[in-house]
Protein chains: 2
Amino acid sequence: MVKFLVLWKTPADPVAFERHYRDVYIPLVRQLPGLRRYTIGHHPTAIRGEPYYWIAELEWDSMDALQKAFQSQEGQAISQDFANDARNAEVRSMVYEVEMVY
Amino acid sequence: MVKFLVLWKTPADPVAFERHYRDVYIPLVRQLPGLRRYTIGHHPTAIRGEPYYWIAELEWDSMDALQKAFQSQEGQAISQDFANDARNAEVRSMVYEVEMVY
């Protein structure tokens with residue numbers, strides 16, 4: 001299993017961010033081919049250090065399936081929207097194999 | 001479902017970090033009461049911004065169950081080891097409710 005993790009800092013306009021996320025991203029992401037699991041977390045409680053504001057996790061069966069998803073028409077639409085969206089200035093994202101420990 | 005997310009920057013000594021993580025933390029974390037799922041990710045590929053080096057995710061059914069786990073003897077042992085471990089200087093951790101989107 002592979003995961004695509006996206007971490008957002010608190011946006012300048014949290015209301016606009018959340019509206020765009022729910023109205024535009026979620027419908028696009030749900031259409032990505034091969035997507036197995038998609039969760040979001042918001043307004044976390046910090047345990048150590050500064051918390052992120054919004055955390056999205058997308059899972060696929062393999063790196064190959066993830067790459068195909070982002071090469072698809074739906075994946076290209078997401079990348080384009082993301083690139084055009086000034087609300088995403090403060091974001092980190094990364095991809096990795098998931099090791100199930102328990 | 002609630003998640004405890006822990007993000008590590010690249011440690012000064014990655015080999016010592018990973019040895020300690022696998023030999024000390026994993027056996028402790030697996031004993032936490034009520035733990036439902038525990039995954040780790042390492043050496044991610046950056047998509048945007050600087051990637052973290054090591055990503056641990058622990059899941060419980062509820063915030064109450066998570067709090068009980070960290071108040072347990074096993075939870076206290078983890079907190080103590082964590083506090084004493086200089087390898088954890090560069091870490092962020094946070095707790096949040098998980099919203100299942102897909």
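- Looking only at side-chain heavy atoms (C-beta outward), A:Met94 and B:Ile55 come within less than 4.5 Å of each other.
- For B:Tyr52, the parts lying under 4.5 angstrom from a heavy atom of chain A are both the backbone and the side chain.
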Would A:Leu5 and B:Leu7 count as a side chain to side chain contact (heavy atoms under 4.5 Å, CB included) here? Give the steps. CA-CA 11 Å; A:Leu5 173 69; B:Leu7 304 162; 4.2 Å; yes

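- Among the candidates A:Arg92, A:His42, A:Glu50, the residue making the largest number of heavy-atom pairs closer than 4.5 Å to chain B is A:Arg92.
- Scanning both residues, A:Tyr96 and B:Gly41, for their nearest heavy atoms gives CD1-CA, 3.5 Å.
- The shortest non-hydrogen separation linking B:Val101 to A:Arg30 is O-NH1, 3.0 Å.
- With rounding to the nearest 0.5 angstrom, the CG atom of B:Leu32 is 9.5 Å from the OH atom of A:Tyr102.
- Ranked by heavy-atom pairs under 4.5 Å with chain A, the list B:Ile40, B:Thr39, B:Leu58 is led by B:Ile40.
- Comparing A:Glu57, A:Arg36, A:Met1, A:Glu59 by heavy-atom pairs within less than 4.5 Å of chain B, the highest count is held by A:Glu57.
- For chain B, the option among A:Val98, A:Val29, A:Leu35, A:Val2 with the highest count of heavy-atom pairs below 4.5 Å is A:Leu35.
- Annotation for A:Gln80: atom CD does not count as buried by contact number, only 12 or fewer foreign heavy atoms lying within 6.0 Å.
- Of the listed residues (B:Pro51, B:Ala56, B:Gly49), the one with the most heavy-atom contacts under 4.5 Å to chain A is B:Pro51.
- With a 4.5 angstrom heavy-atom cutoff, B:Ile26 touches chain A only via side-chain atoms.
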Begin from the C-alpha positions of A:His43 and B:Glu97 and carry the test side chain to side chain contact (heavy atoms under 4.5 Å, CB included) through to its verdict. CA-CA 9 Å; A:His43 318 106; B:Glu97 290 278 345; over 6 Å; no

